[in-house]
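To find a chain, count down the sequence lines: A is the first, B the second, and so on, and within it residues start at 1. Since this is a predicted model, take the numbers as computed values, not measurements.
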There are 2 protein chains.
Amino acid sequence: MTTQQPVPSGTYNHGMDTRERLLDATEQLLWERGYAATSPKDILVAAHAGQGSMYHHFSGKQELAVEALVHSTGQLRAEAAGALQAPGTALDRVEQYLRRQRDSLRGCRVGRMTYDPDVLATPTLLQPVADTLEWLVAELERVIEEGIAAGEFPGTVDARQLAFTVAAVVQGGYVLARAGQDASAFDAAVEGAIGLLRGIAA
Amino acid sequence: MTTQQPVPSGTYNHGMDTRERLLDATEQLLWERGYAATSPKDILVAAHAGQGSMYHHFSGKQELAVEALVHSTGQLRAEAAGALQAPGTALDRVEQYLRRQRDSLRGCRVGRMTYDPDVLATPTLLQPVADTLEWLVAELERVIEEGIAAGEFPGTVDARQLAFTVAAVVQGGYVLARAGQDASAFDAAVEGAIGLLRGIAA
DNA sequence: GTCTATAACGGGATAGAC
DNA sequence: GTCTATCCCGTTATAGAC
């Protein structure tokens with residue numbers, strides 16, 4: 001039995017193997033700094049790994065980022081689904097989605113990628129972002145349509161438009177919160193939207 | 001009289017002097033690619049200028065970017081003010097603001113900066129962004145309050161919250177449009193918001 | 001699998017000639 | 001004012017040892 005080295009205290013050392021630590025570190029850094037501004041070296045430091053490990057497990061920064069981003073989008077979908085597919089009225093579920101606990105100042109790990117020039121120029125990176133936000137809008141639309149069918153919302157409501165609006169309030173709330181470095185901007189945007197939704201509800 | 005060289009056909013050559021061309025090129029590049037992803041060389045090529053010119057007129061990339069960004073935010077304020085301070089009902093003015101012609105896929109030249117890590121880390125760059133979006137929300141709030149006073153909107157409306165919501169719909173609309181590379185996502189978000197506003201209006 | 005050494009390249013700025 | 005040469009550094013990847 002080899003002597004077990006004490007694991008250097010770091011952020012990404014919870015019993016993961018090297019490959020997992022690399023992915024986890026990349027996921028965090030993509031969220032914090034985006035793709036273009038994250039260097040392989042940043043990842044290696046955060047993951048307590050060496051260059052050799054990274055280029056052994058992945059072809060390079062891009063492949064690593066794609067895998068991390070796909071995982072990230074999966075997380076976001078699961079969290080959104082938790083609110084939107086819960087029991088309750090349509091209005092309840094939309095409100096629950098809008099009010100989900102969010103670290104507003106961090107911004108959206110998916111939406112932020114749309115302003116990263118390298119992501120826009122790399123189809124394999126843009127694809128999961130596009131797919132996820134498209135999925136989100138479709139889920140919102142489905143819930144809103146259920147609300148219309150149930151008589152919660154007037155039949156004149158355009159479910160698809162409203163779904164885009166709700167998704168946009170969240171994405172824009174993050175932008176406003178980050179601009180002013182004030183999380184309450186996000187909350188205000190969301191509460192204003194909820195007020196509007198309640199205003200048109202039966 | 002020296003022989004006039006034919007101006008090489010470029011984007012930024014409309015009779016501007018070198019300093020103006022540098023600023024104009026920077027403004028465009030900040031919009032398209034953000035701050036971190038824009039290199040001095042990119043700017044020099046776009047402005048048809050040499051390095052010497054840039055470091056003569058400006059201390060470096062940062063100072064140049066600050067001045068370009070301040071100009072950019074001034075433009076945005078003027079455009080928004082054009083809609084929000086026009087004659088008409090409060091609802092009209094908010095609708096006009098929301099429907100202003102926008103090149104949705106380009107995104108917001110101000111809002112996008114909030115996801116640029118270098119901008120967040122540089123107070124002189126973040127300041128004009130924060131100021132401008134704060135100003136925008138305040139303007140929207142003022143208009144909405146006028147609408148409440150005029151009886152257009154119910155007195156139960158929270159003007160400040162609703163102002164954040166309207167600003168967020170625009171910022172988020174850009175994100176959704178860019179994600180799907182589809183300008184109609186922006187329009188849908190905006191039209192959904194207008195539907196909600198009309199729904200609560202008297 | 002992981003390490004270190006190295007390399008090719010570009011970013012950002014400075015120096016000094018013109 | 002503008003030009004070119006030069007410099008230092010970080011990014012991204014490869015090579016080959018262990």
Practice problem: May I have the distance from A/K61 (atom NZ) to D/dT14 (atom P), rounded to whole angstrom? | Solution: 15 Å
Exercise. Tell me which nucleotide among C/dC3, C/dT14, D/dT2 gets nearest to the side chain of B/Y55.
Key: C/dT14
Practice problem: Specify the separation, in whole Å, of atom CG of B/L64 and atom P of C/dG12. | Solution: 12 Å
Quiz item: Reckon A/T38 touches a base, only the sugar-phosphate, or nothing at all at heavy-atom distances under 4.0 Å?
Solution: sugar-phosphate
Quiz item: In terms of side-chain heavy atoms of B/P40, which of C/dT4, C/dA13, C/dT2 is nearest?
Solution: C/dA13
Self-check item: Separation of D/dT12 P from A/E63 CD (nearest whole Å)
Solution: 16 Å
Quiz item: Can a side chain N or O of B/S39 be found less than 4.0 Å away from OP1 or OP2 on C/dG10?
Solution: no
Quiz prompt | Whole angstrom value for the distance that separates P of D/dG1 from CG of B/L44 | solution = 18 Å
Quiz prompt | Pair A/R93 + A/E152, salt bridge at N-O below 4.0 Å | solution = no
Exercise. Run the salt-bridge test on B/R77 and B/E139 with the 4.0 Å N-O cut-off and return the result as yes or no.
Key: no
Exercise. Return no unless some side-chain N or O of B/H56 is found under 4.0 Å from OP1 or OP2 of D/dC3.
Key: no
Exercise. Rounded off to whole Å, could you give me the CE-to-P distance for the B/M54 and C/dA13 pair?
Key: 6 Å
Quiz prompt | A/S59 or A/A37, whichever maps to the more 5' nucleotide of DNA chain D | solution = A/A37
Quiz item: Can a side chain N or O of B/K41 be found less than 4.0 Å away from OP1 or OP2 on C/dG11?
Solution: no
Quiz item: Can a donor-acceptor pair under 3.5 Å be found between the side-chain atoms of B/Q62 and the base atoms of C/dA13?
Solution: no
Quiz prompt | Under-4.0 Å side-chain N/O to phosphate OP1/OP2 contact, B/T18 with D/dT2 | solution = yes
Quiz item: Could you give the CG-to-P distance, from B/L29 to C/dG11, as a whole number of Å?
Solution: 12 Å
Quiz item: Which listed nucleotide (D/dT12, D/dG1, C/dA13) is nearest to the side chain of B/Q51?
Solution: C/dA13
Practice problem: Could you tell me whether the side chains of B/S184 and B/D187 share a donor-acceptor contact shorter than 3.5 Å? | Solution: no
Quiz item: C/dA13 P sits how many Å from B/D42 CG, rounded?
Solution: 13 Å
Self-check item: Partner of A/Y35 under side-chain contact (heavy atoms from CB on, under 4.5 Å), chosen from A/L120, A/D116, A/L29
Solution: A/D116
Quiz item: Can you tell which of C/dT2, C/dA13, D/dC3 lies closest to the side chain of B/S53?
Solution: D/dC3
Quiz item: Whole Å only: how far is the CG atom of A/L22 from the P atom of C/dG1?
Solution: 13 Å
Quiz item: Charged N to carboxylate O below 4.0 Å: is that the case for B/E145 and B/R160?
Solution: no
